[in-house]
Amino acid sequence: MNAIISGQAGVAMVLDGDEVAALRVGSGESASTCRLEDFAFLFGDADDLLFLDDVEIPQVAERLTHEFEKELALQLTLVLLDHGLSPRTRRVAGEELEVLFSRESTKSFVEGVLYARILPFGSDLTGAHSCIPGNATRVNILLQELAANQSHIAAVQMAWEVIPADLFGGSMERSQIHAAAVRAGWFREIVTWRSRGAKGRPPLASLDSPLTIPPDVIAAWIEELRRESAGLDEPEEGKSPDESTLHLSFVAEDTADLEVAINLAYKSLRELRAKVALEPGLALMKEQRLRELRMLQKLESQEIARLHKTATSLPRGAWEALAQAERLLSG
Amino acid sequence: MATLKCRYKQCGRSFPIGLERCPHCARPGVFSNVEEARFNTERKALTKRYKAARNAAVDRNCGDQVIRLEEELDGSQAVINRSALETARLASSDRELYSTFYQLLNAEVRLPAGKVWDRLRILADAALFPNYQERIRFAALSLDGVGLFNYGDCALVLRDSMIGHRASVFHENSILFLRRHHYKIPPGYRAVWRDRAKLGIAKLAVHIKESTLAADFPALLLRQGETSAKDQFLEVHVWGPLSIYCLDRVGISKRFASLSPALLLAVQELLDEAAVKWKILL
């Protein structure tokens, strides 16, 4: 027989020749007769449909339960992170989650989704920690790792977003592939890979989807992350921004504006880094600042190289006169 | 291909069914299901069926009961039954935290290749909604807010003010109807929202007897079978998405609590916050 399963709808439709039956989550293996025409009513807006061939009722019931638990665990994790809900509701959610996370694949699914986007406005990690019971170890670890990985999540998210649209074949294909990649836990795998130094290739599970992923998509994603990791590093903690740029400034009289911008970017980045620990939603902004800083540094390097070249062919006074002329002309 | 005409007189040009705005003057607010129910042929045929049903009831000395039923049907509401998780999604979709992550998983469902799934493909391409099947949400017409629990643990009663302009009503489960009529829809079996009472009378007046009481009306309109195969109802087609603000009230089955007490608590809080009434049904 064949089956359509949706964890969100909490229902499976089983097709055996002309006979059609529905299994509901929580009802074990007991199926009730229905019609194929009930499809739209049974599955509603669910977007997690699985189509299985050659299966038996016990398998369908087991898979339905698991798919439901995965979706439930995701919802309850969001409830736990929701600062607008009462501590009681969040605590009960934490207790249920601890049980649901005893199945590793359920926890992986939730991480797979949460690692695909930085936490948005309204997420309350601190509150979530204070709501969960002391013995909810699995939930506690998930929250800790989620907080620790926010900057990697931001980088992986941005690297995905810059993959050229034409590699996907169209915007609809892009969103289909994105959803399938999230479900398969690819973002989580790549975040983990990046957090461990982005060495080798990330281990990506096969997609549980009939979609074919163009190999160029994965290559472009990884390449962007590698390129970004290999770029100019973040300034080290406590190191003065001036120390990092001083050596570039020896002939940079006319790169003064760039230097000011770079120093401001360093300052902003340092402040953001301190804030990200408290407000993970700022990780994306921090990543953007970092990119801006790198771009400014690249511009400065190019400018210095150009100035070097010019300086070797013109006397210093001539260069100053030229700069003055440029200013007058542009004014 | 069937076409619609832009309702703005200054434009008035034709365009294919299924578009949400006129491609010529770009005026929005075109709901194809409503436009199709508004066709003259449909309205005339519906009026004919309605009058015939009413007159037959008068001949059976049931005229007063039919008038009462029509009054009740004028206040009927659309009810969608959804699972606990889908209800929770709907209740929280207004919050950025939830919508951010729901969007990640949102993708159009694609049927796999294979003969078995072709049966489903035929349903998806049903002739009733050419080019816009995926935009339609299915509900049932109800007099007491009780929906079809075979389809989900929560009965979401929709607000007239949020759906009346984009809803149409059909005689029964549209796909079953189409199959019986060899995928050719006779006129007079669908209505715009404000004509739902007419459609209801055209279908139900035949079941009215002299002994029928007002208390019998809800079960006459929506009969819940032991299985979904035995459900009887008038089908409501709502164009476009739903949010928590489309809900008038929610009936929650006891089964929900047994699936996840935490989710039930969260849904109740979210509904309270949006001032949507809820109750646990026995």
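Only heavy atoms go into these numbers, but all of them, side chains included; no hydrogens, no water, no symmetry mates. Quick note on labels: first sequence line is chain A, next is B, and so on, each numbered from 1. Keep in mind that what you see is a predicted model, and the values were worked out from it rather than measured.
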Undergrad: Check whether B:A84 gets within reach of chain A through its side chain, its backbone, both or neither, counting any heavy atom under 4.5 Å.
TA: neither
Undergrad: Which atoms of B:Q103 are under 4.5 Å from chain A, going by heavy atoms: the side chain, the backbone, both sets, or neither?
TA: neither
Undergrad: Quiz question: by atom type and distance under 3.5 Å, do the side chains of B:Y102 and A:D47 form a donor-acceptor pair?
TA: no
Undergrad: Which pair of heavy atoms, one from A:G84 and one from B:E273, lies closest together, and at what distance?
TA: O-OE1, 4.3 Å
Undergrad: Heavy atoms only, distances under 4.5 angstrom: which of B:P241, B:S92, B:A139, B:A140 has the most pairs with chain A? Name it, please.
TA: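 Heavy-atom pair counts peak at B:A139.
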Undergrad: Can you tell me how far the CG atom of B:L105 sits from the OG atom of A:S175, to the nearest 0.5 Å?
TA: 12.0 Å
Undergrad: Between B:Y151 and A:F43, is the ring centre distance below 6.0 Å?
TA: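 No.
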Undergrad: Which heavy-atom pair separates B:A88 from A:Q75 by the least distance, and what is that distance?
TA: CB-OE1, 3.5 Å
Undergrad: Take the angle between the ring planes of A:F41 and B:F138 and call it parallel below 30°, perpendicular above 60°, tilted in between.
TA: tilted
Undergrad: Any chance you could lay out the side chain to side chain contact (heavy atoms under 4.5 Å, CB included) test for B:L104 and A:F187, step after step, and finish with the verdict?
TA: CA-CA 11 Å; B:L104 295 178; A:F187 282 80; over 6 Å; no
Undergrad: So for B:R89, is it side chain, backbone, both, or neither that comes closer than 4.5 Å to the heavy atoms of chain A?
TA: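 Contact with chain A involves both backbone and side-chain atoms of B:R89.
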Undergrad: Hey, could you give me the CG/CG distance between B:N173 and A:D38, rounded to the nearest 0.5 Å?
TA: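 It is 6.5 Å, given to the nearest 0.5 Å.
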Undergrad: Could you tell me whether B:R82 and A:D45 make a salt bridge, using a distance below 4.0 angstrom between a side-chain N and a carboxylate O?
TA: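 Looking at A:D45 together with B:R82, the answer is yes, because their closest N to O distance falls below 4.0 Å.
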Undergrad: Flag the one option from A:V11, A:L78, A:V92, A:L85 with the top tally of heavy-atom pairs under 4.5 Å to chain B.
TA: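 Highest number of pairs under 4.5 Å: A:L78.
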Undergrad: So which residue, A:G94, A:A9, A:S123, A:A93, ends up with the most heavy-atom pairs under 4.5 Å with chain B?
TA: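 Highest number of pairs under 4.5 Å: A:A9.
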Undergrad: Run the side chain to side chain contact (heavy atoms under 4.5 Å, CB included) test on A:L119 and B:F101 for me, step by step, so that the C-alpha distance in whole Å, both residues' side-chain angles and the decisive distance to 0.1 Å come before the verdict.
TA: CA-CA 9 Å; A:L119 288 170; B:F101 291 106; 4.0 Å; yes
Undergrad: So what's closer than 4.5 Å to chain B heavy atoms on A:Q8: side chain, backbone, both or neither?
TA: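 The answer is both parts of A:Q8.
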Undergrad: Out of curiosity, A:D124 CG to B:L97 CG, how far, rounded to the nearest 0.5 Å?
TA: 9.5 Å
Undergrad: Can you tell me how far apart CZ (B:R179) and CZ (A:R35) are? Round to the nearest 0.5 Å.
TA: 9.5 Å
Undergrad: Look at atom CD of A:E19 and say whether more than 12 heavy atoms of other residues, nucleotides or ligands are closer to it than 6.0 Å.
TA: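 No, because the 6.0 Å sphere around CD of A:E19 holds 12 heavy atoms or fewer from other groups.
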Undergrad: Checking A:L52 against chain B: side chain, backbone, both or neither under 4.5 Å from a heavy atom?
TA: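 Only the backbone of A:L52 comes within 4.5 Å of chain B.
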Undergrad: Counting only non-hydrogen atoms closer than 4.5 Å, does A:V79 touch chain B with its backbone (N, CA, C, O), its side chain (CB onward), both, or neither?
TA: both
Undergrad: I'd like to know which of B:D153, B:L90, B:L242 tops the heavy-atom pair count under 4.5 Å against chain A.
TA: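 Of the candidates given, the most pairs with chain A belong to B:D153.
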Undergrad: Look at A:E96, A:H178, A:R183 and state which one has the largest set of heavy-atom pairs under 4.5 Å with chain B.
TA: A:E96
Undergrad: Residue by residue, which of residues 106-118 of chain A have a heavy atom closer than 4.5 Å to a heavy atom belonging to chain B?
TA: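 Answer by number: A:F109, A:V113, A:L114, A:A116, A:R117, A:I118.
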Undergrad: Are any non-hydrogen side-chain atoms of B:S260 and A:E69 less than 4.5 angstrom apart?
TA: no
Undergrad: Holding to side-chain contact (heavy atoms from CB on, under 4.5 Å), I want the full list of residues that pass it with A:S86, two or more places apart in sequence or in another chain.
TA: A:R88, A:T89, B:E269
Undergrad: Is chain B contacted by the side chain of A:F68, its backbone, both, or neither, given a heavy-atom distance below 4.5 Å?
TA: both
Undergrad: Passes side chain to side chain contact (heavy atoms under 4.5 Å, CB included), B:I175 versus A:L36? Steps please.
TA: CA-CA 9 Å; B:I175 300 174; A:L36 201 58; over 6 Å; no
Undergrad: To check you understand the geometry: which heavy-atom pair defines the closest contact between A:A179 and B:N106, and what is its length?
TA: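 In this case the closest contact between A:A179 and B:N106 is CB-O, 4.2 Å.
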Undergrad: For B:E235, is it the side chain, the backbone, both, or neither that has a heavy atom closer than 4.5 Å to a heavy atom of chain A?
TA: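 Just the side chain, heavy atoms under 4.5 Å.
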Undergrad: Has A:E37 got a side-chain atom pairing as donor or acceptor with B:L176's backbone, closer than 3.5 angstrom?
TA: no
Undergrad: Pick one of side chain, backbone, both or neither for A:V25, based on which atoms fall under 4.5 Å of a heavy atom in chain B.
TA: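 Its backbone and side chain both get close to chain B.
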Undergrad: Please classify the contact between A:L42 and chain B as side chain, backbone, both or neither, with a heavy-atom cut-off of under 4.5 Å.
TA: both
